[in-house]
J.: 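Sharing a structure, written as structure tokens. Questions coming.
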Amino acid sequence: MHIRIELARQRLTLLDGDQPVMACAISSSFVGSGTEPGSMRTPTGNFVIAEMIGHGAPIGSVFRSRQLTGELANPHSPEDQITTRILWLDGIDAANANTRSRYIYLHGTNHEEQLGLPTSHGCIRMANSAIVDLFALLMENPSGTRVYIGV
């Protein structure tokens with residue numbers, strides 16, 4: 001299985017070969033795409049999922065520094081909370097090799113109403129139910145799943 005993310009459509013598709021397994025709305029960076037450290041841009045190109053974090057955590061659980069805080073997401077908070085599950089990306093192209101050190105994830109969000117719009121701070125935000133489903137589908141291959149992010 002592999003993941004394809006289309007920034008122009010704000011869409012993620014999980015594929016098994018050429019067959020779609022699931023698809024959902026996402027939210028990428030509000031400042032566009034790019035790989036510069038500190039830019040808050042969503043990187044593009046080829047990636048691998050380096051770590052899957054949050055297995056079994058309750059839906060809406062908040063993470064800080066990839067650790068559960070014991071809090072539940074607050075949809076009214078202006079904070080861009082990382083919730084439910086984390087799929088930590090590692091860039092495999094020369095241009096995006098810094099992705100892991102930039103802490104770029106696919107993760108749940110407390111701002112599900114913004115999905116379909118580029119409003120994140122660089123990560124790929126997903127609905128909490130969608131990240132749970134994606135995580136479960138990828139559990140058979142807990143790391144190493146390929147991800148392509150294109151404009």
Side-chain angles (χ1 to χ4, degrees), residues 1-54 57 59-64 66 72-139 141 143-151:
M1 285 206 241
H2 62 282
I3 297 169
R4 182 169 196 84
I5 296 172
E6 299 169 83
L7 299 181
R9 293 184 59 217
Q10 294 292 292
R11 195 96 182 133
L12 175 149
T13 305
L14 175 65
L15 298 135
D16 188 355
D18 291 334
Q19 296 300 313
V21 175
M22 75 169 279
C24 63
I26 56 106
S27 180
S28 63
S29 175
F30 71 99
V31 290
S33 62
T35 58
E36 306 82 15
S39 68
M40 295 194 303
R41 296 179 184 276
T42 299
T44 57
N46 295 290
F47 306 85
V48 66
I49 295 174
E51 289 187 53
M52 296 176 62
I53 302 166
I59 289 181
S61 296
V62 175
F63 290 83
R64 284 198 183 82
R66 295 157 311 283
L72 288 178
N74 177 354
H76 304 293
S77 171
E79 183 183 2
D80 181 13
Q81 295 176 325
I82 296 171
T83 63
T84 306
R85 305 284 186 277
I86 297 170
L87 301 176
W88 194 352
L89 297 180
D90 196 4
I92 56 176
D93 298 333
N96 65 22
N98 65 355
T99 298
R100 188 162 186 188
S101 65
R102 289 182 61 213
Y103 303 100
I104 301 294
Y105 316 134
L106 279 66
H107 65 79
T109 181
N110 59 315
H111 294 293
E112 291 186 349
E113 76 283 357
Q114 295 176 351
L115 295 173
L117 302 171
T119 58
S120 85
H121 295 100
C123 289
I124 300 293
R125 295 180 186 167
M126 298 176 63
N128 291 295
S129 61
I131 192 73
V132 166
D133 291 346
L134 180 61
F135 197 98
L137 289 165
L138 296 178
M139 281 302 293
N141 181 22
S143 63
T145 299
R146 294 292 189 120
V147 177
Y148 175 76
I149 301 175
V151 291

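These values consider heavy atoms only, across backbone and side chains, with no hydrogens, waters or symmetry-generated copies.
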J.: Counting distance only, does the side-chain N/O of Arg85 pair as donor-acceptor with the main-chain N or O of Gly54 below 3.5 Å?
T.: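 The answer is yes, because a donor-acceptor pair under 3.5 Å joins these two groups.
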J.: To the nearest 0.5 Å, how far apart are CG in Asp93 and OG1 in Thr99?
T.: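 If I round to the nearest 0.5 Å, the distance is 8.5 Å.
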J.: Counting only N and O atoms by type, is there a donor-acceptor contact under 3.5 Å from the side chain of Thr42 to the main-chain atoms of Ser29?
T.: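 Checked: pair present.
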J.: Taking only residues at least two apart or on different chains, which pairs with a member in residues 31-52 satisfy ring-ring contact (aromatic ring centres under 6.0 Å, His included)?
T.: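 Sorted pair list comes back empty.
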J.: Within the side chain of Ser27, is there an N or O that forms a donor-acceptor pair under 3.5 Å with the backbone of Thr119?
T.: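 Checked: pair present.
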J.: Between Ser120 (side chain only) and Ser28 (backbone N and O only), is there a donor and an acceptor less than 3.5 Å apart?
T.: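 Such a contact is found between Ser120 side chain and Ser28 backbone.
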J.: Sequence neighbours left out, what passes side chain to side chain donor-acceptor pair (under 3.5 Å) with Arg66? Give chain and number order.
T.: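 Once residues adjacent in sequence are excluded, the partners of Arg66 under the side chain to side chain donor-acceptor pair (under 3.5 Å) criterion are Tyr105.
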J.: Enter the distance from Phe135:CZ to Leu106:CG here, rounded to the nearest 0.5 Å.
T.: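 The CG atom of Leu106 is 11.5 Å from CZ of Phe135, to the nearest 0.5 Å.
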J.: Keeping the roles fixed (side chain from His107, backbone from Trp88), state whether a donor-acceptor pair exists under 3.5 Å.
T.: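 Side chain of His107 to backbone of Trp88: no pair is present.
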J.: How many angstroms lie between CD in Gln114 and CG in Asp80, if you round to the nearest 0.5 Å?
T.: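 One gets 8.0 Å once the value is rounded to the nearest 0.5 Å.
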J.: Run the numbers on Leu89 and Ile49 for side chain to side chain contact (heavy atoms under 4.5 Å, CB included), then give the verdict.
T.: CA-CA 5 Å; Leu89 297 180; Ile49 295 174; 4.1 Å; yes
J.: Say you draw a straight line from CG of Leu138 to OG1 of Thr145; how long is it, rounded to the nearest 0.5 Å?
T.: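 The OG1 atom of Thr145 is 4.5 Å from CG of Leu138, to the nearest 0.5 Å.
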J.: With rounding to the nearest 0.5 Å, note down the distance linking CZ in Arg4 to CD1 in Ile149.
T.: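 The distance works out to 11.0 Å.
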J.: Is the shortest heavy-atom distance from the side chain of Leu134 to the side chain of Ile3 under 4.5 Å?
T.: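 In short, these two side chains touch, coming nearer than 4.5 Å.
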J.: Applying side chain to side chain contact (heavy atoms under 4.5 Å, CB included) to Ile104 and Asn96, what does each step give before you reach the verdict?
T.: CA-CA 11 Å; Ile104 301 294; Asn96 65 22; over 6 Å; no
J.: For Leu137 and Met1, work out which heavy atoms get closest and say how close.
T.: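 Heavy-atom minimum between the residues: O-CE, 3.6 Å.
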J.: What closest approach, in Å, do Asn98 and Ala95 show between heavy atoms, and which atom pair accounts for it?
T.: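 So the minimum-distance heavy-atom pair works out to OD1-O, 4.4 Å.
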J.: May I ask you to decide if Arg146's main-chain N or O and Asn46's side chain share a donor-acceptor pair within less than 3.5 Å?
T.: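 Judged by distance alone, no pair lies under 3.5 Å.
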J.: More than 12 heavy atoms of other residues, nucleotides or ligands under 6.0 Å from CD of Glu36: is that the case?
T.: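 More than 12 within 6.0 Å, yes.
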J.: Side chain of Arg102, backbone of Ser39: donor and acceptor closer than 3.5 Å?
T.: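 Not a single qualifying donor-acceptor pair exists.
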J.: Look only at the side chain of Asn128 and the backbone of Thr109, and say whether a donor-acceptor pair between them is shorter than 3.5 Å.
T.: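 Judged by distance alone, yes, a pair lies under 3.5 Å.
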J.: So, for Gly108 and Thr83, which heavy atoms are closest and what is the spacing to 0.1 Å?
T.: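 Looking at all heavy atoms of both residues, the closest pair is C-OG1, 2.8 Å.
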J.: State the CD1-CZ distance between Ile5 and Arg11, to the nearest 0.5 angstrom.
T.: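 The CZ atom of Arg11 is 12.0 Å from CD1 of Ile5, to the nearest 0.5 Å.
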J.: Judged by atom type as modelled, is there a donor-acceptor pair below 3.5 Å linking the side chain of Asn110 to the main-chain atoms of Gln81?
T.: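 At least one qualifying donor-acceptor pair exists.
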J.: Backbone N or O of Asn74 within a donor-acceptor pair of the Ser77 side chain at under 3.5 Å?
T.: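 Flag not set: sc Ser77 to bb Asn74 has no pair under 3.5 Å.
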J.: How far apart are the C-alpha atoms of Leu117 and Gln10, what are their side-chain angles, what is the distance that settles it, and do they pass the side chain to side chain contact (heavy atoms under 4.5 Å, CB included) test?
T.: CA-CA 7 Å; Leu117 302 171; Gln10 294 292 292; 5.7 Å; no
J.: I need the minimum non-hydrogen distance between Pro43 and Gly122, along with the two atoms involved.
T.: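 Heavy atoms of Pro43 and Gly122 come nearest at CD-O, 4.1 Å.
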J.: Please report the closest heavy-atom contact between Ser33 and Thr44, naming both atoms and the distance.
T.: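 So the minimum-distance heavy-atom pair works out to CB-CG2, 3.7 Å.
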J.: Do you know the tightest heavy-atom contact between Ser61 and Leu72?
T.: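 Between these two residues, the closest heavy atoms are N-CD2, 3.9 Å.
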J.: Assess whether side chain to side chain contact (heavy atoms under 4.5 Å, CB included) is satisfied between Ile124 and Leu87, documenting all intermediate values.
T.: CA-CA 10 Å; Ile124 300 293; Leu87 301 176; over 6 Å; no
